[in-house]
Amino acid sequence: SAAVVATLALTACNAPQDHNAASVPASPTSSSTTSAAPVASASAGMNTPLTAAQVKVRMTLQGAPTVSADGQSIVVNVDLSNDGAVALESTGSHPVNLGAHSVDAAGKIVLYDFARAALPSAIAANDHAVVSLKISAENSLGYSVQISPVQEGVAWFDSLGISPLTVGPFKTCAEGMQGKVCDAEG
């Protein structure tokens with residue numbers, strides 16, 4: 001099956017983390033005369049809200065999602081490409097992670113923020129890494145799952161109007177496919 005690709009670009013840096021929270025303002029900048037946007041340091045983690053000029057990512061589904069031997073979780077592998085200006089990291093006061101929501105056939109979120117995965121390491125500008133997101137089978141079967149990067153305390157990329165990577169809907173596979181979770185086509 002063809003890989004599913006979603007291209008994301010961060011369009012704002014001070015949107016709420018969840019749909020009911022107040023905006024989280026960017027950290028104040030120093031009184032210097034330069035107008036350059038703050039740059040996140042690879043060694044110090046993500047401590048500054050990212051700007052639209054700094055962030056551009058692509059997500060590609062890597063292979064078919066699989067179910068754990070005990071049937072309790074589904075692993076979705078996502079190749080996260082960082083085509084932006086700064087490294088993305090899952091450390092610091094505003095780390096970047098992948099998160100997931102379950103959605104029904106109409107695209108309505110039925111379970112918000114039920115899984116998170118840290119990046120395996122810093123993803124430098126113009127680099128990529130595969131992120132394994134472990135999601136609960138109970139919260140996924142019968143639904144599709146939307147996967148979106150989130151900068152903690154700043155914004156979910158999908159709350160900024162960016163399309164998430166959507167996989168599923170998930171169902172148990174036909175006999176002979178033990179250990180696999182299938183999409184709508186089986």
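Owing to the predicted nature of the structure, the values given are computational and were not obtained by experimental measurement. Note: hydrogens, waters and symmetry copies are ignored here, and every other heavy atom, side chains too, is used.
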Trainee: Of all the heavy-atom pairs spanning Ser148 and Pro164, show the shortest one and how long it is.
Mentor: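 Looking at all heavy atoms of both residues, the shortest contact is CB-CB, 4.1 Å.
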Trainee: Minimum heavy-atom separation for Val131 to Pro120, with atom names?
Mentor: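 Between these two residues, the closest heavy atoms are CG2-CD, 3.8 Å.
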Trainee: What distance do Leu165 atom CG and Thr60 atom OG1 have between them, rounded to the nearest 0.5 Å?
Mentor: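 The distance works out to 8.0 Å.
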Trainee: Rounded to the nearest 0.5 Å, how far does OH of Tyr143 lie from CD1 of Ile109?
Mentor: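 Atom-to-atom, Ile109:CD1 and Tyr143:OH are 13.0 Å apart.
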Trainee: Can you tell me how far the CD atom of Glu89 sits from the CG atom of Asn97, to the nearest 0.5 Å?
Mentor: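 These two atoms lie 11.5 Å from each other.
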Trainee: Is the shortest heavy-atom distance from the side chain of Gln151 to the side chain of Met46 under 4.5 Å?
Mentor: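 Yes, their side chains come closer than 4.5 Å.
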Trainee: Does Val130 offer a backbone N or O that forms a donor-acceptor pair with the side chain of Asp79 under 3.5 Å?
Mentor: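 Side chain of Asp79 to backbone of Val130: no pair is present.
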Trainee: Checking the side chain of Gln62 only, and the main-chain atoms of Asn77 only, is there a donor and an acceptor separated by less than 3.5 Å?
Mentor: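 It does not hold such a pair.
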Trainee: Would you name the heavy atoms of Ser132 and Ala117 that are closest together and state the gap between them?
Mentor: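 It is O-CB, 3.5 Å.
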Trainee: Which of parallel (below 30°), tilted (30 to 60°) and perpendicular (above 60°) describes Trp156 and His101?
Mentor: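 Tilted: the ring planes of Trp156 and His101 meet at 30° to 60°.
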Trainee: Which pair of non-hydrogen atoms, one from Ala125 and one from Gly84, has the smallest distance, and what is that distance?
Mentor: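 Heavy atoms of Ala125 and Gly84 come nearest at CB-O, 3.1 Å.
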Trainee: On a heavy-atom basis, which atom in Gly92 and which in Asn47 lie closest, and how many Å separate them?
Mentor: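 So the two residues come closest at CA-OD1, 3.3 Å.
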Trainee: Got a second to check how far Leu88's CG is from Ser81's OG, nearest 0.5 Å?
Mentor: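 Answer for the CG-OG pair, Leu88 versus Ser81, is 10.5 Å.
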Trainee: For the side chain of Ser90 and the backbone of Leu119, is there at least one donor-acceptor N/O pair under 3.5 Å apart?
Mentor: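 Yes, Ser90 side chain to Leu119 backbone: donor-acceptor pair under 3.5 Å.
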Trainee: Find out if a path of hydrophobic residues (ILVMFWY) with successive side-chain heavy-atom gaps under 4.5 Å connects Val76 to Leu141.
Mentor: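 Per the 4.5 Å side-chain linkage, Val76 and Leu141 are co-clustered.
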Trainee: Below 4.5 Å, heavy atoms only, C-beta onward: do Pro49 and His94 meet side chain to side chain?
Mentor: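 Yes. Closest side-chain heavy atoms under 4.5 Å.
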Trainee: Write down the atom of Gly99, the atom of Arg116, and the distance for their closest heavy-atom approach.
Mentor: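 Between these two residues, the closest heavy atoms are CA-CD, 4.0 Å.
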Trainee: When clusters are formed by joining ILVMFWY residues with side-chain heavy atoms under 4.5 Å apart, either directly or through shared neighbours, do Leu111 and Phe170 land in the same one?
Mentor: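 Linked, Leu111 and Phe170 end up in one cluster.
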Trainee: Backbone N or O of Val167 within a donor-acceptor pair of the Gln146 side chain at under 3.5 Å?
Mentor: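 No: the side chain of Gln146 does not pair with the backbone of Val167.
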Trainee: Mind checking the CG-CG spacing from Asn82 to Asp127? Nearest 0.5 Å is all I need.
Mentor: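 Output value for this atom pair is 8.0 Å.
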Trainee: Under 3.5 Å, side chain of Ser102 to main-chain N/O of Val145, donor-acceptor pair present?
Mentor: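 It does not hold such a pair.
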Trainee: Hydrophobic cluster membership, with links at side-chain heavy-atom distances under 4.5 Å among I/L/V/M/F/W/Y: are Leu133 and Phe114 in one?
Mentor: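 Yes, Leu133 and Phe114 fall within the same hydrophobic cluster.
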Trainee: Looking at Leu80, is its backbone amide N or carbonyl O close enough to the side chain of His128 to form a donor-acceptor pair, meaning the two atoms are under 3.5 Å apart?
Mentor: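 Absent.
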Trainee: Would you compute the distance between atom NZ of Lys134 and atom CD1 of Ile74 and round it to the nearest 0.5 angstrom?
Mentor: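 So the NZ of Lys134 and the CD1 of Ile74 are separated by 11.5 Å.
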